[in-house]
Amino acid sequence: MGLVAVLLAGCSGDDGGDGAATSATETTTLDPGVTFDQDVTVPSAVPPGDTANPATPPTTEPPVQTEVGEVPARFPDTFPVPEGAEVEVGSIGRVEGELRLAVDYTIADQTPAAIHDFYRDEIDQAGFSVLLDSDSGQGPDYIGQLVFETDTFIGNVLVAGDGGDGVLLTLTATLPD
């Protein structure tokens, strides 16, 4: 989860390079939930003296369910996945009215820029609407984000180097719940 936060912080702006970055538009009511214009601070504990948060009702289900090595059952089969991508972990999260399905992949012997280009091509060929396309850095320091909209889900692609000769890839699909 910490890597995703780092990726999110690094992917929220335009690098001023090729001018390919665009701003998200209000074409849907679904929130891709990953792009922030400013730093976000989330409390990690209940403030001193508080024993509970009355605004948060108790739940019997964890807010995010994860499964090592598994793609969530409702993850859209129309979401492109590059050859050689190995599933690390899948997760399911819910917010009011939305279902967020995510899969973390690793890809050996690829560059992050090549995988980002793969997604640019696949999204274009599928005719999906691009809401955000941003990247910065080079080689293993490359970080890219692509957010797109289909008829059934909002897709989010986060691409980064793995510190070696491979790629870390996080795909998130946000669907109505």
Side-chain angles (χ1 to χ4, degrees), residues 1-13 20-38 40-42 53 55-107 112 115-135 143-160 167-177:
M1 190 69 177
L3 175 60
V4 173
V6 169
L7 289 174
L8 296 176
C11 293
S12 63
T22 59
S23 297
T25 60
E26 293 191 28
T27 59
T28 183
T29 58
L30 293 177
D31 174 13
V34 295
T35 305
F36 303 101
D37 291 334
Q38 54 192 328
V40 176
T41 302
V42 178
N53 184 350
T56 306
T59 61
T60 57
E61 186 176 298
V64 176
Q65 300 169 329
T66 60
E67 187 70 38
V68 174
E70 296 290 327
V71 174
R74 287 186 54 195
F75 195 81
D77 59 1
T78 56
F79 205 126
V81 177
E83 282 190 42
E86 297 287 329
V87 176
E88 294 297 316
V89 65
S91 63
I92 301 170
R94 286 184 169 79
V95 295
E96 188 174 328
E98 296 178 2
L99 178 64
R100 292 192 181 150
L101 307 169
V103 185
D104 292 333
Y105 293 91
T106 56
I107 306 170
I115 298 301
H116 196 170
D117 287 342
F118 165 84
Y119 278 98
R120 286 176 172 136
D121 292 342
E122 290 291 315
I123 300 310
D124 182 56
Q125 288 177 13
F128 299 148
S129 298
V130 174
L131 304 175
L132 176 89
D133 186 354
S134 178
D135 61 21
I143 297 175
Q145 180 179 19
L146 185 88
V147 179
F148 62 96
E149 180 178 40
T150 75
D151 292 342
T152 57
F153 69 94
I154 300 290
N156 188 317
V157 177
L158 294 171
V159 181
V167 175
L168 299 174
L169 173 66
T170 299
L171 305 180
T172 305
T174 302
L175 306 101
D177 193 17

With heavy-atom distances below 4.5 Å as the criterion, would you say the side chains of D133 and H116 are in contact? yes
Who pairs with S91 by side chain to side chain contact (heavy atoms under 4.5 Å, CB included), at least two apart in sequence or on another chain? V64, T66, A102
Does some side-chain heavy atom of V147 sit less than 4.5 Å from a side-chain heavy atom of I154? yes
Would you please name every residue forming a side chain to side chain contact (heavy atoms under 4.5 Å, CB included) with F128, sequence neighbours left out? I123, A126, F148, T150
Using every non-hydrogen atom in the two residues, find where F79 and G155 come nearest and quote the distance to one decimal. CE1-CA, 3.7 Å
For V81, enumerate each residue passing the side chain to side chain contact (heavy atoms under 4.5 Å, CB included) test, keeping only those at least two apart in sequence or located in another chain. A85, Y105, L171
One pair to check against side-chain contact (heavy atoms from CB on, under 4.5 Å): L146 and V130. What are the steps and the verdict? CA-CA 7 Å; L146 185 88; V130 174; 4.1 Å; yes
Working to the nearest 0.5 Å, report the span between CG of L99 and CZ of R74. 5.0 Å
Test side chain to side chain contact (heavy atoms under 4.5 Å, CB included) applied to D104 and T170, L158, V68, the passing residue: T170
With sequence neighbours left out, the residues meeting side-chain hydrogen bond (donor to acceptor under 3.5 Å, both in side chains) with D177 are R94
Could I get the full list of side-chain hydrogen bond (donor to acceptor under 3.5 Å, both in side chains) partners for D117, not counting sequence neighbours? R120
Any non-hydrogen side-chain atom of P72 less than 4.5 Å from a side-chain atom of V103? yes
I need the minimum non-hydrogen distance between V87 and E70, along with the two atoms involved. CG1-N, 3.6 Å
The complete set of side chain to side chain donor-acceptor pair (under 3.5 Å) pairs with one or both residues in residues 76-90, sequence neighbours excluded, reads E88-T106
Distance from L169 atom CG to I115 atom CD1, nearest 0.5 Å? 7.0 Å
Can you confirm whether T152 sits close enough to P76 that some side-chain heavy atom of one is under 4.5 Å from a side-chain heavy atom of the other? no
How close do P80 and Y119 get, counting heavy atoms only, and between which atoms? O-OH, 2.7 Å
Could you state the interatomic distance from CD1 (I92) to CZ (R100), rounded to the nearest 0.5 Å? 14.0 Å
